[in-house]
> 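I have a structure here, written as structure tokens, and I will follow up with some questions on it.
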Amino acid sequence: MCRKKCRVLLLCTAAASQYDDNDMGLSSGEYGVKSQIKKRFPSSFAEFESLQSAREAAGYSVDQTVVLLDGNVLSNQVPNAVNDVDGYVRILSGFVNQAFCAGDIVVVVFDEAAHMTLAKKAEQDRRDASRRKNVIQTSSDLESFLGPKDDNFGLGDVENCDPHSVLKHRGTRGRLYDFLWLRVKRAVETPGKTIVLDGIDASGIDRPFGTKRDASIVSSDARLEAVLAHPRPIGEGDLKLTDIACVVQEQRDAGFEPLKKIELIVISTIDTDSLAIELINEAAKAEERRLNGCSDMRLLLAFKEFSGKRGTDDFKTSFSCFDMRLLLDNVLEFMFGDKKTSSVHLHRNAIALLTIAWTLCGSDFVDVKGMRSDVATDVVAALCKTDVALLPPLNALWDCKRDDIQRIQTLRRDVNYAVDRLVTETARVLGSMPRMARSCASLKNEYSNTDASKACWVSLYWHGLELGDVGSWGF
């Protein structure tokens with residue numbers, strides 16, 4: 001079979017089997033978390049055609065802004081029609097240059113498989129198994145043209161294949177990410193602009209076969225590589241986004257030259273886990289300001305939205321941008337009402353319980369059938385007013401230590417009790433709603449203490465403490 005004919009078949013196969021991580025995150029749809037936040041707290045978000053428009057509307061200049069991007073998401077948004085390395089680099093460079101219109105510093109973060117929590121790996125394995133059911137089977141004489149399927153490949157192996165076919169295998173993504181994004185870095189380097197890659201091996205595709213990938217910080221400004229390095233490896237990009245945002249504020253406050261002008265951070269992603277993670281972080285910052293009078297930095301969380309059919313005039317992209325400081329204020333007003341000020345010491349606890357509820361309604365780690373985020377959000381607000389004793393024990397989510405086994409066990413018991421109350425009350429409310437009998441029955445029949453334990457583990461994880469023995473937590 002000639003190479004030209006194989007190339008045509010390759011493109012068709014790659015187009016049909018491109019991997020897609022858009023299904024990651026919290027529950028979606030009409031009753032999903034993002035939709036409910038938009039509906040309930042409209043003053044905390046706005047739609048913009050670009051990140052630049054969002055930054056301008058917020059009232060900041062380009063040199064006052066850092067933009068944080070999810071590199072895994074961007075790599076997955078290259079259209080199927082772009083089927084060679086040069087085209088891939090061109091599209092990815094375009095994404096970065098658009099971000100440069102919003103901020104002079106752009107940080108692109110990537111997952112690091114070597115440091116991914118076992119709970120996340122298990123979830124990815126389930127999704128990969130589901131995707132493999134839809135993979136088109138090909139004859140053996142075509143296999144060599146579909147690209148490598150493990151980490152041992154070089155430049156010659158990817159020059160004539162579609163990057164989509166390589167990226168669909170988790171074992172090949174790391175090396176190809178290194179190759180593609182180092183080329184992107186060279187393509188976008190411009191005086192006055194700084195690109196930072198978090199989770200890329202600087203040796204790129206030239207890394208010797210069989211050697212361990214050494215993912216690190218690679219930047220066009222070497223001064224940023226040391227200050228942005230994570231003291232403890234972080235496997236998941238969502239958590240890197242939060243960690244980088246915190247470090248940028250700390251270094252700005254310390255007078256670090258490259259960051260001393262920064263007043264705004266824009267995080268761009270599609271993974272709705274970030275709504276919970278960034279709300280948790282915003283509550284932590286608010287408490288720090290209350291207790292220690294620390295400075296603040298505004299944060300916009302931007303979700304890229306798609307409408308219309310790709311490849312047609314109707315296809316459009318936009319950004320749903322949430323001002324996290326305003327969102328936190330609106331959520332706390334909703335949850336505590338006229339007791340918001342007098343309950344300030346419990347604000348962080350209430351956000352923890354709310355994000356636990358969202359996790360139970362459907363997430364990458366746990367999904368309790370029958371739970372609905374709109375009802376669960378109302379129930380959490382009611383519990384914050386009527387059963388406030390549930391909240392103080394949740395302090396341990398952010399101030400217990402990894403080796404404090406007894407306190408972690410006590411926290412697990414306290415979270416299980418709080419979740420039991422949450423689920424029982426949610427079931428009661430569902431039972432009083434029209435046409436919700438089936439959801440109510442599912443919730444009563446399928447919820448177990450294992451779900452509560454998983455939700456507790458996730459909350460600890462999102463608060464910055466990753467526990468390794470995930471099997472003992474029900475995963």
Side-chain angles (χ1 to χ4, degrees), residues 21 51 65-78 85-86 88-116 151 155 158 163 166-167 170 172-207 212-248 251 256 258-259 262 265-271 274:
D21 280 343
L51 297 179
T65 306
V66 171
V67 179
L68 310 183
L69 305 175
D70 187 323
N72 301 85
V73 167
L74 293 181
S75 301
N76 196 28
Q77 289 179 350
V78 177
V85 167
D86 289 341
Y88 235 87
V89 172
R90 184 179 67 253
I91 296 295
L92 295 176
S93 298
F95 291 152
V96 174
N97 284 324
Q98 289 170 9
F100 273 144
C101 293
D104 279 347
I105 300 175
V106 172
V107 182
V108 189
V109 306
F110 300 86
D111 291 346
E112 294 184 32
H115 304 296
M116 191 72 70
D151 184 63
L155 180 60
V158 296
V166 182
L167 292 177
R170 293 192 188 274
T172 61
R173 288 180 197 171
R175 187 181 288 267
L176 190 60
Y177 278 171
D178 298 337
F179 170 58
L180 292 172
W181 281 96
L182 287 173
R183 284 191 56 181
V184 170
K185 173 180 172 290
R186 292 193 293 271
V188 302
E189 286 181 337
T190 306
K193 301 290 185 181
T194 300
I195 182 169
V196 181
L197 305 176
D198 180 355
I200 291 297
D201 189 323
S203 58
I205 205 165
D206 296 325
R207 173 167 51 88
K212 184 179 179 181
R213 183 171 181 257
D214 183 21
S216 61
I217 305 283
V218 180
S219 175
S220 57
D221 185 341
R223 295 174 296 176
L224 288 169
E225 294 181 355
V227 300
L228 295 182
H230 308 284
R232 184 182 178 88
I234 299 176
E236 196 168 352
D238 294 347
L239 299 181
K240 282 186 174 184
L241 294 170
T242 301
D243 190 69
I244 292 288
C246 292
V247 173
V248 166
Q251 292 297 321
F256 181 55
L259 301 173
I262 303 304
I265 294 177
V266 179
I267 293 178
S268 178
T269 184
I270 62 170
D271 194 333
S274 288

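Along the sequence shown, residues carry numbers from 1. The model shown is predicted, which means the values in this text are computed figures rather than measured ones.
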> Taking salt bridge (Lys or Arg N to Asp or Glu O under 4.0 Å) as the test, write out the residues that go with Asp221, two or more places apart.
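With sequence neighbours excluded, Asp221 shows a salt bridge (Lys or Arg N to Asp or Glu O under 4.0 Å) to Arg223, given in chain and number order.
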> List the residues meeting side chain to side chain contact (heavy atoms under 4.5 Å, CB included) with Ala245, not counting sequence neighbours, and say none if there are none.
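Ala245 satisfies side chain to side chain contact (heavy atoms under 4.5 Å, CB included) with Leu68, Ile265, Leu299 only.
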> Hey, could you give me the CD1/OG distance between Ile195 and Ser220, rounded to the nearest 0.5 Å?
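Separation between the atoms: 7.0 Å.
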> Tell me, with the steps shown, if Val85 and Leu180 meet side-chain contact (heavy atoms from CB on, under 4.5 Å).
CA-CA 8 Å; Val85 167; Leu180 292 172; 4.1 Å; yes
> Calculate, to the nearest 0.5 Å, the distance between atoms CG and CG belonging to Leu224 and Leu259 respectively.
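Between Leu224 CG and Leu259 CG, I get 5.5 Å after rounding to 0.5 Å.
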> Looking only at the side chains, is there a donor atom on one of Ser203 and Asp201 sitting less than 3.5 Å from an acceptor on the other?
yes
> Please list every donor-acceptor pair under 3.5 Å in which a side-chain atom of residues 182-190 meets a protein atom from a residue at least two apart or in another chain.
residue, atom, partner, partner atom, Å
Arg183, NH1, Asp86, OD1, 3.4
Arg183, NH2, Asp86, OD1, 2.9
Lys185, NZ, Glu189, OE2, 2.7
Thr190, OG1, Val188, O, 2.9

> Got a donor-acceptor contact below 3.5 angstrom from the Asp243 side chain to the His230 backbone?
no
> What closest approach, in Å, do Trp181 and Ser75 show between heavy atoms, and which atom pair accounts for it?
NE1-OG, 3.0 Å
> State which residues pass salt bridge (Lys or Arg N to Asp or Glu O under 4.0 Å) with Glu225; sequence neighbours excluded, sorted by chain then number.
none
> OG of Ser219 to CD1 of Ile200: how many Å apart, nearest 0.5 Å?
13.0 Å
> Using residues 92-99 as the side-chain source, report each donor-acceptor pair under 3.5 Å to any protein atom, sequence neighbours left out, with the distance given to one decimal.
residue, atom, partner, partner atom, Å
Ser93, OG, Val89, O, 2.7
Asn97, ND2, Ser93, O, 3.2

> Do the side chains of Val248 and Ile262 get nearer than 4.5 Å, heavy atoms only?
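When only atoms from C-beta onward are counted, Val248 and Ile262 do touch, with a gap below 4.5 Å.
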> Who passes side chain to side chain donor-acceptor pair (under 3.5 Å) against Thr242, sequence neighbours left out?
Glu278
> Write down the atom of Ala202, the atom of Val218, and the distance for their closest heavy-atom approach.
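Ala202 and Val218 have their closest heavy atoms at CB-CG2, 4.1 Å.
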> Please name all residues satisfying ring-ring contact (aromatic ring centres under 6.0 Å, His included) with Phe179, sequence neighbours left out, ordered by chain then number.
none
> Under the salt bridge (Lys or Arg N to Asp or Glu O under 4.0 Å) rule, collect the residues that match up with Asp151, sequence neighbours excluded.
Arg175, Arg207
> Got a second to check how far Asp111's CG is from Asp70's CG, nearest 0.5 Å?
7.0 Å
> Could you give me the CA-CA distance, side-chain angles and deciding distance for Leu51 and Ser268, then say whether side-chain contact (heavy atoms from CB on, under 4.5 Å) is met?
CA-CA 8 Å; Leu51 297 179; Ser268 178; 4.1 Å; yes
> Between Ile234 and Lys240, what is the shortest heavy-atom contact and its length?
O-CE, 3.3 Å
> Measure across Ala102 and Val67 and return the closest heavy-atom pair with its distance rounded to 0.1 Å.
CB-CG2, 3.8 Å
> Tell me whether the rings of Phe110 and Tyr177 are parallel (<30°), tilted (30 to 60°) or perpendicular (>60°).
tilted
> Give, for atom CG of Leu167 and atom CG of Leu176, the distance between the pair rounded to the nearest 0.5 Å.
4.5 Å
> Rounded to the nearest 0.5 Å, what separates atom CG in Asp271 from atom CG in Asp238?
4.0 Å
> Which heavy atom of Leu241 sits nearest to which heavy atom of Leu69, and what is that distance?
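Closest approach of Leu241 to Leu69, heavy atoms only: CD2-O, 4.1 Å.
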> Checking Asp178 now: which residues fulfil side chain to side chain donor-acceptor pair (under 3.5 Å) with it, not counting sequence neighbours?
Arg213
> Are any of the side-chain heavy atoms of Ile270 and Asn76 separated by less than 4.5 Å?
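Contact flag for Ile270/Asn76 side chains = no.
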